[in-house]
Amino acid sequence: MALPLFFHNRWLLAPPNLHSLESSFIAIHLLHHTTATAPQPHNPTEEDEPPSKLPPFHHTEHNQPTPIKELLISAIKSASHKTHLLQLHAHMLRTSLVQHPAVSLHFLYRVALSGPLQDHSYSHRFFHTITYPFVSHYNTMIRASSMSDSPQKGLFLYRDMRRRSVSADPLTSTFVIKCCIRFLCLFGGAQVHCNVFKDGHQSDSLLLTSLMDLYSQCQQCRDACKVFDEIPHRDTIAWNVMISCLIRDKRSRDALSLFDVMQNSKYECEPDDVTCLLLLQACAHLNALEFGERIHRYILERGYGAALNLSNSLISMYSRCGSLDKAYEVFKGTCNKSVVSWSAMISGLAANGYGREAIEAFEEMQRLGIRPDDQTFTGVLSACSHSGLVDVGISVFDRMSREFGITPTIHHYGCMVDLLGRAGLLGKAYQLITSMPVRPDSTIWRTLLGACRIHGAVMLGERVIEHLIELKAQEAGDYVLLLNIYSSAGHWDKVAEVRKLMKEKSIQTTPGCSTIEVKGIIHEFVVDDVLHPRKGEIYEKLDEINKQLKIAGYVVEPSSELHKIDDKEKGYVLSYHSEKLAIAFGVLATPQGTTLRVANNLRLCIDCHNFLKTFSWVYNRDVVLRDHNRFHHFRGGRCSCNDYW
DNA sequence: CTAGGGTTAG
């Protein structure tokens with residue numbers, strides 16, 4: 001708005017950026033009539049007693065339509081400079097309008113919530129000068145705390161509010177819950193939940209949705225489900241929160257099933273872009289390519305195709321389902337590729353064994369002027385380690401901090417340990433762990449232990465186990481690796497010793513688990529599975545496959561990976577590893593020549609690796625197997641990886 | 001005597 005001419009010379013006195021007539025009027029008015037400087041706020045320590053009755057607001061004074069009040073509010077609304085606000089504060093004090101609910105609320109709103117005038121300590125000081133704060137005042141303060149660095153304050157305010165028997169509305173609870181989520185305070189959240197019932201807000205869908213999110217983020221999936229069941233009308237966001245909860249709880253399969261449930265005639269809820277984002281994550285976890293493709297089609301149908309976050313998720317999903325060409329297709333079709341897109345593509349190439357291509361992509365993105373970040377480097381370094389590009393990896397690691405100013409995290413060190421370890425530079429890897437500035441975690445020692453296994457380094461292996469024991473983080477898998485190190489070195493006495501130790505400590509092995517997707521349905525198998533409805537057929541098929549493979553020269557490795565420690569004691573000749581069961585089921589359930597896609601939660605053992613190599617040749621089927629950190633593409637008797645020989 | 005809410009990419 002153009003200012004009237006007569007304001008022009010005074011305009012210079014007022015702070016810049018005044019864009020409304022009212023605000024400049026007030027500001028100038030104040031400049032001329034105020035001698036007061038910025039008010040000294042009240043001392044917040046002097047706590048008032050809770051009011052016995054309703055606030056004695058002086059209606060007589062302010063209730064008649066005073067134009068000054070309205071002007072003040074609009075001035076507060078349009079204030080654009082700090083000094084301006086201070087002047088308004090002074091004015092409010094002089095006219096006693098500070099205690100006017102509407103005025104103080106507007107003022108609080110400007111100071112507490114995000115914007116150029118935000119000032120947390122000022123807002124707290126101001127808030128404490130309000131003698132009888134209303135719900136709205138508390139709401140504003142609590143909401144501000146939920147977005148600040150000290151979300152605990154929100155909970156304190158909430159308690160204060162209840163103590164002063166100011167009744168909470170659904171929004172208050174929503175904001176406090178947000179605070180609790182910020183610092184994962186399950187206890188505080190549960191308190192709020194109780195009060196929600198007391199206040200009679202137990203059927204407010206939005207409030208219940210945030211409660212669900214609280215339980216979900218605090219790893220209380222069951223409570224989240226309970227809350228979900230109580231929501232009267234579940235909208236898309238409620239479903240999304242439920243799905244994200246299931247994914248967090250590693251129940252990706254259940255999460256996928258909700259895609260159909262929410263759409264059925266009973267609920268009639270349309271999945272939106274966030275739903276797709278979440279479900280793509282679930283597909284990536286489960287290696288559920290067909291389901292992922294379905295989501296992809298849905299995205300195109302709904303016209304979400306241009307969204308960058310969805311494209312990035314698709315790239316990641318396809319590459320984590322071992323379908324690299326599809327990932328590349330999406331990648332090519334993505335406009336305005338961001339670091340995220342490039343990193344997803346690079347990690348995808350890396351996990352599928354295309355180290356050189358990953359490096360090329362890395363160079364290309366730099367040529368296009370996209371700055372790599374820490375996650376890009378994780379991808380690049382893992383590409384180097386999976387493809388044995390030792391020198392490249394070392395130089396990239398070096399450039400990362402020197403050229404790009406990124407301090408390596410534990411993940412980067414992990415990649416380097418893996419890289420050096422695989423290449424047989426075990427001493428260097430050990431040295432790197434002991435000299436790095438971050439505290440080594442169990443994963444990094446485990447990586448080194450894996451390298452010791454490959455290279456048969458008995459002594460170092462023992463040392464690594466000690467470190468794991470020191471961290472109190474040793475798992476069954478670690479002892480299994482140690483067992484394998486001993487057994488491949490022929491130290492049978494030590495093997496017995498470790499077994500005894502494991503028994504004494506009663507260490508359980510993590511059950512191996514494989515999934516295979518057939519016609520969009522995920523089938524899950526564990527070692528020696530007895531739960532699958534077609535188990536009879538499956539075991540028969542597996543025996544048949546075993547016979548066929550033996551003819552072709554496949555030999556069971558007797559001293560191979562001992563995933564199941566008790567096998568021999570139980571007298572099993574051969575345990576049915578879950579990946580083999582999944583393969584047998586795949587042969588049963590899919591037509592000749594179909595690629596079998598299997599995901600496994602552990603590291604593929606040498607025996608299964610040999611089994612799959614021979615299988616891919618004898619049965620003339622491609623197998624894409626994802627183990628816990630990479631892909632193995634089996635075709636014609638060979639595997640894309642160079643980890644096993 | 002009134003501002004304001006919940007899910008989200010590598």
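Within every chain, numbering begins at 1; the chains are lettered A, B, ... in the order of the sequence lines, protein sequences first and strands thereafter. Heavy atoms only: backbone and side chains are in, while hydrogens, waters and symmetry mates are out.
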Please list, one pair per line, the donor and acceptor atoms closer than 3.5 Å that link side chains of residues 330-337 of chain A to other protein atoms, with sequence neighbours excluded.
residue: A:T334; atom: OG1; partner: A:V330; partner atom: O; Å: 2.7
residue: A:K337; atom: NZ; partner: A:T334; partner atom: O; Å: 3.3

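- Look at CD1 on A:I295: it is 15 Å from C1' on B:dA9, rounded to the nearest Å.
- Using a 4.0 Å cutoff on non-hydrogen atoms, no part of residues 186-200 of chain A comes near DNA chain B.
- Distance, A:M317 CE to B:dA9 P: 16 Å, rounded to whole Å.
- Among the nucleotides B:dC1, B:dT7, B:dT2, the one closest to any side-chain atom of A:S136 is B:dT2.
- Listed candidates were B:dC1, B:dG4, B:dA9. Nearest to the side chain of A:L308 is B:dA9.
- Qualifying side-chain hydrogen bond (donor to acceptor under 3.5 Å, both in side chains) partners for A:Q152, counting only residues two or more places apart in sequence or in other chains: none.
- By the ring pair (Phe, Tyr, Trp, His ring centres under 6.0 Å) test, A:Y158 is found to be paired with no residue, residues two or more places apart in sequence or in another chain being considered.
- The side chain of A:P170 has B:dG5 as its nearest neighbour among B:dG5, B:dT7, B:dG10.
- Ring geometry for A:H89 versus A:Y122: interplanar angle of 30 to 60°, hence tilted.
- Contact check of residues 139-147 of chain A against DNA chain B (heavy atom, cut-off under 4.0 Å) returns A:N139, A:R143.
- Listed nucleotides B:dG5, B:dA9, B:dG10 differ in distance to A:D373; the shortest reach to its side chain belongs to B:dG10.
- With distances taken from any side-chain atom of A:L278 to the nucleotides B:dC1, B:dT8, B:dG10, the minimum falls on B:dT8.
- In this structure, CZ of A:R371 is placed 18 Å from C1' of B:dG10, rounded to the nearest angstrom.
- Checked against side-chain hydrogen bond (donor to acceptor under 3.5 Å, both in side chains), A:H137 has the following partners two or more places apart in sequence or in another chain: A:S104.
- Here A:D254 pairs with A:R251 under the side-chain hydrogen bond (donor to acceptor under 3.5 Å, both in side chains) rule; sequence neighbours left out.
- Rounded to a whole Å, the OH atom of A:Y138 is 22 Å from the P atom of B:dG5.
- For A:K337 and B:dG10, the shortest distance from a side-chain N or O to OP1 or OP2 is not below 4.0 Å.
- Take A:S167 and apply the side-chain hydrogen bond (donor to acceptor under 3.5 Å, both in side chains) test, not counting sequence neighbours, and it matches no residue.
- Residues forming a ring pair (Phe, Tyr, Trp, His ring centres under 6.0 Å) with A:F197 (at least two apart in sequence, or on another chain): A:H193.
- Per the geometry, CG belonging to A:D169 stands 15 Å off P belonging to B:dT2, to the nearest Å.
- Within the nucleic acid shown, A:D273 has no heavy atom closer than 4.0 Å to any nucleic acid atom.
- Distance A:I76 CD1 to B:dA3 P: 13 Å, rounded to the nearest Å.
- In terms of modelled atom types and a separation under 3.5 Å, the side chain of A:T129 and the main chain of A:F126 share a donor-acceptor contact.
- Among the nucleotides B:dT7, B:dC1, B:dA9, the one closest to any side-chain atom of A:S313 is B:dA9.
- The nucleotide whose nearest atom lies closest to any side-chain atom of A:L105 is, among B:dC1, B:dA3, B:dG4, B:dA3.
- Here A:Y109 does not reach the OP1 or OP2 of B:dT2: none of its side-chain N or O atoms lies under 4.0 Å away.
- When rounded to the nearest whole Å, the span between CD of A:E70 and C1' of B:dC1 equals 12 Å.
- Residue A:K178 has a polar side-chain atom (N or O) positioned under 4.0 Å from OP1 or OP2 of B:dG6.
- Looking at A:N312, its side chain comes within 3.5 Å of the base of B:dA9 through a donor and an acceptor atom.
- As judged by a 4.0 angstrom heavy-atom cut-off over every strand, A:V339 is placed among the base-contacting residues.
- In this structure, A:F377 has its ring center no closer than 6.0 Å to that of A:F397.
- Checking B:dG4, B:dG10, B:dC1 against every side-chain atom of A:T376, the shortest atom distance belongs to B:dG10.
- Residues satisfying the salt bridge (Lys or Arg N to Asp or Glu O under 4.0 Å) criterion with A:R356, sequence neighbours excluded, are absent altogether.
- Rounded to whole Å, the distance from NE2 on A:H411 to P on B:dG10 is 13 Å.
- Ring-centre distance between A:Y328 and A:Y318: not below the 6.0 Å cut-off.
- Considering only residues two or more places apart in sequence or on other chains, A:R110 meets the salt bridge (Lys or Arg N to Asp or Glu O under 4.0 Å) condition with none of them.
- For the contact set between residues 206-226 of chain A and DNA chain B, defined by any heavy atom under 4.0 Å, the members are A:L206, A:L207, A:T209, A:D213.
- Here B:dT2 is the nucleotide among B:dC1, B:dG6, B:dT2 with the atom lying nearest to any side-chain atom of A:H106.
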